[in-house]
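Worksheet: the structure to be examined is printed underneath.
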Amino acid sequence: MAVVAEKASSPVLSSEEWVRVGQWSTLLRELLKGKGEMWSAADEKLFVQLQSALQTMESSGTDGEQKVTPETC
């Protein structure tokens, strides 16, 4: 179980994993915005930052072999 915790805490994801994070964040945003009080202006700001970082990563042409972190975007 310790191995799983160590792997889960790693901040490094492949570009494909970041694409999936973007897709899930978009889905979550749409679901929670419909609930009103469950989606705040702070959540929207974080969502916009994430999407911006993902677009930057995509436009830089990172490939699946390279590991990226939010700081590198």
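Evaluation of the side chain to side chain donor-acceptor pair (under 3.5 Å) rule for Thr26 yields no partner, not counting sequence neighbours. Residues that satisfy the side chain to side chain donor-acceptor pair (under 3.5 Å) test with Ser25, not counting sequence neighbours, are Gln51.
The CG atom of Leu31 lies 9.5 Å from the CH2 atom of Trp24; values are rounded to the nearest 0.5 Å.
Side-chain heavy atoms closer than 4.5 Å link hydrophobic residues (I, L, V, M, F, W, Y) into clusters, and following such links, even through other members, never connects Leu50 to Val19.
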